[in-house]
Amino acid sequence: MLGDTAVCVHPTDERYMHLVGKSVKIPLNDRIIPIIADALLADKEKGTGAVKVTPAHDPNDYACYTRNPEIGVINILNPDGTLNEHGGEWEGVDRLEVRGKVVERMNELGHYEGVEDRVIPLKHSDRSKTPVEPYLSDQWFVRMGDDEDGKPGLAQKAVDAVEDGRVRFFPSRYKKTYTDWLAEKRDWCISRQLWWGHRIPVWSKTFNNSQKAEETVKEFSSRWDDYCWRISESDPSTVLMCIDHQDEDIMEAVEKMLKTEGYVQDPDVLDTWFSSALWPHATLGWPDLERNPPLDEEELAKQTQSLSTLAPGPSTENKVLPYFYPGSVLITSRDIITLWVARMVLTGLYNMDDVPFQHVHVHPKILDGFGQTMSKSKGNGVDPVDLIEKYGADAIRFTIASFAGETQDVRLPISYECPHCGEMIAPKQYKVATSTLVVPSTMKGDFPVPQGAPKPTLVCSNKKCKQESQFTTPLYDPDEGAAVAKMVSERFEYGRNFCNKFWNAARFAMMNLVESDNGAGYTPDEVTEDQLQLEDRWILSRLSTVASEMDEYLGRYQFDAATRAVRDFTWNEFCDWYLEMIKPRLRDAKSRAVAQRVLLSVLDSLIRLLQPFTPFICEELWQRLKEIAPERALPVSSPGDSPGAKLTTQSVADACINASWPTIPSSWQDEALEKRFARLQDTIVAVRNVRAIYNIPPGTSIKLLMRTAADVAGDMESVASQFENLAKAVLEAAGADVERPIGAASFSLGDADGYIPLEGLIDTAEELERQKKKLAEVEKHIKGAESKLNNEKFVNNAKEEVVNGVRETLANQQSQRERIVEIIRDLS
RNA sequence: GGUCGCAUAGUUCAGUUGGUUAGAACGCCUGUUUUACACACAGGAGGUCUCCGGUUCGAGUCCGGAUGUGACCA
């Protein structure tokens with residue numbers, strides 16, 4: 001009320017329209033203020049419909065003042081929250097106290113009608129939790145708008161850099177966040193009233209009159225023409241001076257001079273984002289363009305190797321800056337696209353006349369299991385060090401990379417780990433006062449903890465344990481020496497299991513690369529096409545496909561897809577099929593050498609592909625393999641060098657981290673071969689399925705007959721040993737005229753039928769049931785395909801290849817149906 | 001209030017320009033100490049893709065709306 005400068009009503013409010021233009025008196029200090037009409041501020045429905053206007057201490061009222069500048073502004077607060085001279089008798093008293101006093105005084109004066117409770121949005125300081133008092137103050141701004149002559153200003157230039165593709169966002173939708181915000185071109189307030197930060201390099205002195213100030217500017221501008229001297233816009237008798245010099249001695253001398261002349265440095269520091277915006281070039285020595293950035297001796301020695309092209313040692317030119325600026329990619333979180341990314345671009349354009357980076361990759365944010373941002377104050381975060389101890393650094397990195405897709409956020413449900421038995425205890429949300437915390441679901445005790453009372457504990461839910469422990473929470477520090485339940489997330493088992501799998505696969509490979517009872521150690525030699533077995537050609541085809549997929553995904557920053565591709569290949573193809581299939585060859589002296597060479601070649605590529613995600617394991621394996629095979633058969637880097645050879649002998653880098661990224665020839669990809677291989681896999685799975693259904697012990701060998709066309713039969717026969725190896729089934733016969741034996745289990749694939757004689761073991765009723773189920777499935781699909789093909793519109797409108805695809809499927813399904821029907825007839 | 005997301009199996013997530021039977025991991029069920037790996041292997045169950053409407057021969061996918069949920073900005 002003490003700072004009010006008007007009373008505002010709605011311009012269409014009939015109750016008050018006649019009062020607009022008149023004045024009222026503030027009873028507290030007898031100040032006269034006008035009654036004004038403002039449609040944006042006043043709301044006829046709320047309260048009396050008339051609202052007091054306090055421009056200095058309310059953003060909405062300030063906006064009203066800018067529309068009605070004649071009402072003026074009165075700032076009634078001191079920086080410490082007490083009232084200033086406009087507070088009258090309450091000058092120097094804290095605002096909180098004055099609020100009560102004002103009500104009392106109004107009552108005394110007979111103007112008190114009552115107090116009404118009302119919920120209002122009130123911002124609080126994040127640090128002190130005190131309500132924020134809006135307050136008018138002088139601040140430093142950087143102008144974002146265009147120049148007066150219409151040339152693009154800082155904001156527009158930064159928008160242009162993204163619009164014309166000099167800077168690209170991944171995922172691209174974040175471009176909008178950036179350009180929308182910059183397009184507002186709001187001036188950037190860069191001053192902060194804090195202790196920590198770059199101090200604003202502006203000095204000032206207030207003279208007795210403006211003439212003296214002007215003379216000073218003239219005189220000093222010619223004497224110190226490196227620096228910027230100005231008359232303050234808000235006070236014509238104040239001189240401002242901006243100091244900046246990269247030479248510390250000169251800086252010191254200038255500061256000394258300023259102090260003797262009576263100049264004072266601005267007490268504010270720069271906005272943290274202003275300082276951060278300098279990062280891409282300031283870290284590379286800017287603004288010193290004469291010398292490379294300072295490095296300590298040891299560091300310099302290391303750097304000179306990789307930076308040898310940059311003329312190490314003393315130089316008269318900063319060569320590091322042009323070498324590293326602009327950078328290639330900035331990886332960041334979406335909540336600082338405006339604060340940091342935009343500021344880096346516009347600052348880089350201003351200082352360096354170039355963008356700071358070409359790509360901006362915005363990664364998802366990790367939320368807890370309840371969908372909340374992880375934060376210390378909620379107590380729902382995980383400590384990476386705890387995770388690394390529990391799961392391993394590579395496992396964490398691999399798992400995190402597998403989260404990093406194009407979505408906005410990912411959930412990471414956390415649990416508490418009982419320090420006594422390792423049991424995982426689920427969390428729950430828990431309300432304390434106004435905040436929601438995360439605590440163990442089995443928490444014993446309550447918050448807040450009364451003085452001297454025991455701290456709440458986690459009670460282990462494992463019936464064999466039931467012990468109590470303290471837990472990580474923002475509400476108390478654990479007692480010294482107390483058992484503390486760590487917060488972990490079982491989702492990291494994904495990465496841990498994979499790392500373990502990969503490690504064991506490599507271990508298996510190494511066991512078979514050295515001399516052992518199984519045969520000789522690794523010998524490097526080239527591998528030619530005709531030495532390759534079906535499984536070799538298959539794994540090399542798959543490797544080539546996966547490597548090219550990885551290139552594509554990494555180029556788009558789709559780390560989740562990249563980890564999935566390499567994991568699936570490693571686990572489901574390399575381990576589950578390839579390693580199993582070559583085991584017999586590794587035991588056979590005649591075929592061992594070639595199998596070793598192909599195996600190591602694939603493993604070598606795999607280690608390189610996995611290096612970005614599991615660097616520690618990869619380096620360890622690399623070093624061990626280098627002992628076994630410093631030279632090895634690897635994909636021919638430039639075809640034509642060694643015609644006929646698929647793999648040639650090459651030496652490898654000292655360390656995995658220095659090894660080149662694998663380039664697998666795309667000509668290795670063989671779709672037809674992969675299809676043939678898939679049929680073999682399907683057959684083996686079908687045989688295993690029969691074994692599982694009839695509970696045939698793993699040691700028992702079974703017979704297999706395949707009825708199929710001659711070419712497929714030939715394929716089957718050529719890999720007959722693998723049926724034995726992978727399904728313990730002996731291929732008795734394969735061909736078009738194979739008959740289904742009596743008392744056999746059957747399975748039907750797209751273009752082949754399999755029969756497994758199980759005399760005595762077979763349960764006819766159960767087998768019939770199984771076949772009928774399968775028939776129903778096939779018929780469902782046939783029906784679907786038929787209804788499509790009977791639909792004229794589909795046949796006429798759909799792409800030809802789609803229609804043909806459906807026809808092909810239908811034909812396959814129909815022939816499969818026939819065969820199942822046959823089997824059912826035999827069984828019945 | 002404005003803008004940008006998300007909603008698919010019990011859970012956490014894939015699903016590229018609309019087009020064969022919607023996939024994975026974990027969990028669950030059955031079996032296996034098979035000499036790399038039980039943090040494993042083999043097999044299996046589990047989804048009317050949040051709801052309503054539209055476009056289309058055809059929608060998890062495109063459009064509109066609703067509901068829930070998240071972020072940024074005001």
Side-chain angles (χ1 to χ4, degrees), chain A residues 59 171 173-178 180-181 184 186 333-339 362 364-365 367 369-373 391-392 395 399 402-403 405-413 489-512 517-518 549 552-553 556 558 560-561 563-565 567-568 571-572 575-576 579-580 583 587 684-693 695-699 725-728 777-778 780-782 784-785 787-799 801-810 812-813:
Chain A
R173 75 182 122 90
Y174 288 113
K175 173 184 162 183
K176 194 169 155 55
T177 310
Y178 172 97
D180 281 1
W181 183 81
E184 289 181 26
R186 284 210 317 270
S333 170
R334 68 178 185 282
D335 42 11
I336 51 176
I337 289 172
T338 54
L339 296 171
V362 179
K365 193 163 151 178
L367 308 176
F370 302 106
Q372 307 181 99
T373 306
Y391 300 103
T399 309
S402 79
F403 294 161
E406 296 200 322
T407 54
Q408 183 173 257
D409 37 43
V410 292
R411 282 179 187 222
L412 183 68
S489 175
E490 287 173 288
R491 285 196 64 192
F492 290 103
E493 288 175 6
Y494 175 78
R496 182 200 60 185
N497 292 356
F498 174 70
C499 288
N500 185 55
K501 183 73 182 178
F502 175 50
W503 176 260
N504 279 309
R507 213 162 53 87
F508 167 80
M510 286 186 288
M511 281 166 52
N512 284 284
D517 296 348
N518 280 334
E549 281 171 5
E552 205 181 310
Y553 295 140
R556 293 201 299 250
Q558 291 174 347
D560 63 333
T563 57
R564 222 177 299 125
R567 180 193 185 278
D568 288 352
W571 201 314
N572 305 128
C575 292
D576 287 352
L579 292 184
E580 294 303 326
K583 277 178 180 175
R587 283 193 290 261
I684 288 167
V685 169
V687 175
R688 284 171 176 169
N689 191 355
V690 170
R691 295 192 70 112
I693 288 163
N695 253 327
I696 299 165
N725 181 27
L726 300 172
K728 205 119 175 65
E777 227 174 85
V778 171
K780 200 178 105 191
H781 301 143
I782 289 175
S787 76
K788 266 187 185 177
L789 290 169
N790 290 338
N791 184 344
E792 257 178 57
K793 284 177 182 166
F794 170 74
V795 179
N796 294 338
N797 293 323
K799 276 179 277 180
E801 70 229 47
V802 174
V803 179
N804 287 340
V806 176
R807 286 205 177 107
E808 208 176 300
T809 309
L810 180 62
N812 269 339
Q813 301 283 352

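Letters A, B, ... mirror the listed sequences (proteins, then strands); counts begin at 1.
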Exercise. Looking at B:C39, does its base get a donor-acceptor pair with the side chain of A:Arg496 below 3.5 Å?
Worked result: yes
Exercise. How would you label the contact of A:Val685 with the nucleic acid (heavy atoms, under 4.0 Å): base, sugar-phosphate, or nothing?
Worked result: sugar-phosphate
Problem set entry | Nearest-nucleotide comparison on RNA chain B, the residue closer to the 5′ end among A:Cys575 and A:Asp335 | A:Cys575
Exercise. NA contact type, A:Lys583, heavy-atom cut-off 4.0 Å: base, sugar-phosphate, or nothing?
Worked result: base
Problem set entry | Sequence-aligned protein contact record of nucleotides 17-25 of chain B, with B where the base is within under 4.0 Å of a protein heavy atom and S where only the sugar-phosphate is | --BBB---S
Problem set entry | Carboxylate-amine/guanidinium proximity below 4.0 Å for A:Asp560 and A:Arg564 | yes
Seminar exercise, completed: Going 5' to 3' through nucleotides 2-9 of chain B and flagging B where a protein heavy-atom sits under 4.0 Å of the base, S where only the sugar-phosphate is that close, and - otherwise, we get -SBB----
Exercise. Is there a donor and acceptor pair closer than 3.5 Å between the side chain of A:Glu184 and the base of B:A74?
Worked result: no
Exercise. On RNA chain B, nearest-nucleotide positions of A:Ser402 versus A:Leu367: which is more 5'?
Worked result: A:Ser402
Exercise. Touch check for A:Gln558, heavy atoms < 4.0 angstrom, all strands: base, sugar-phosphate only, or nothing?
Worked result: nothing
Exercise. How is A:Arg691 classified with respect to the nucleic acid when contacts are heavy atoms under 4.0 Å: base, sugar-phosphate, or nothing?
Worked result: nothing
Exercise. Which part of the nucleic acid does A:Val410 contact within heavy-atom distance under 4.0 Å: base, sugar-phosphate only, or nothing?
Worked result: sugar-phosphate
Exercise. Think A:Arg688 has a side-chain N or O under 4.0 angstrom from the OP1 or OP2 of B:G44?
Worked result: no
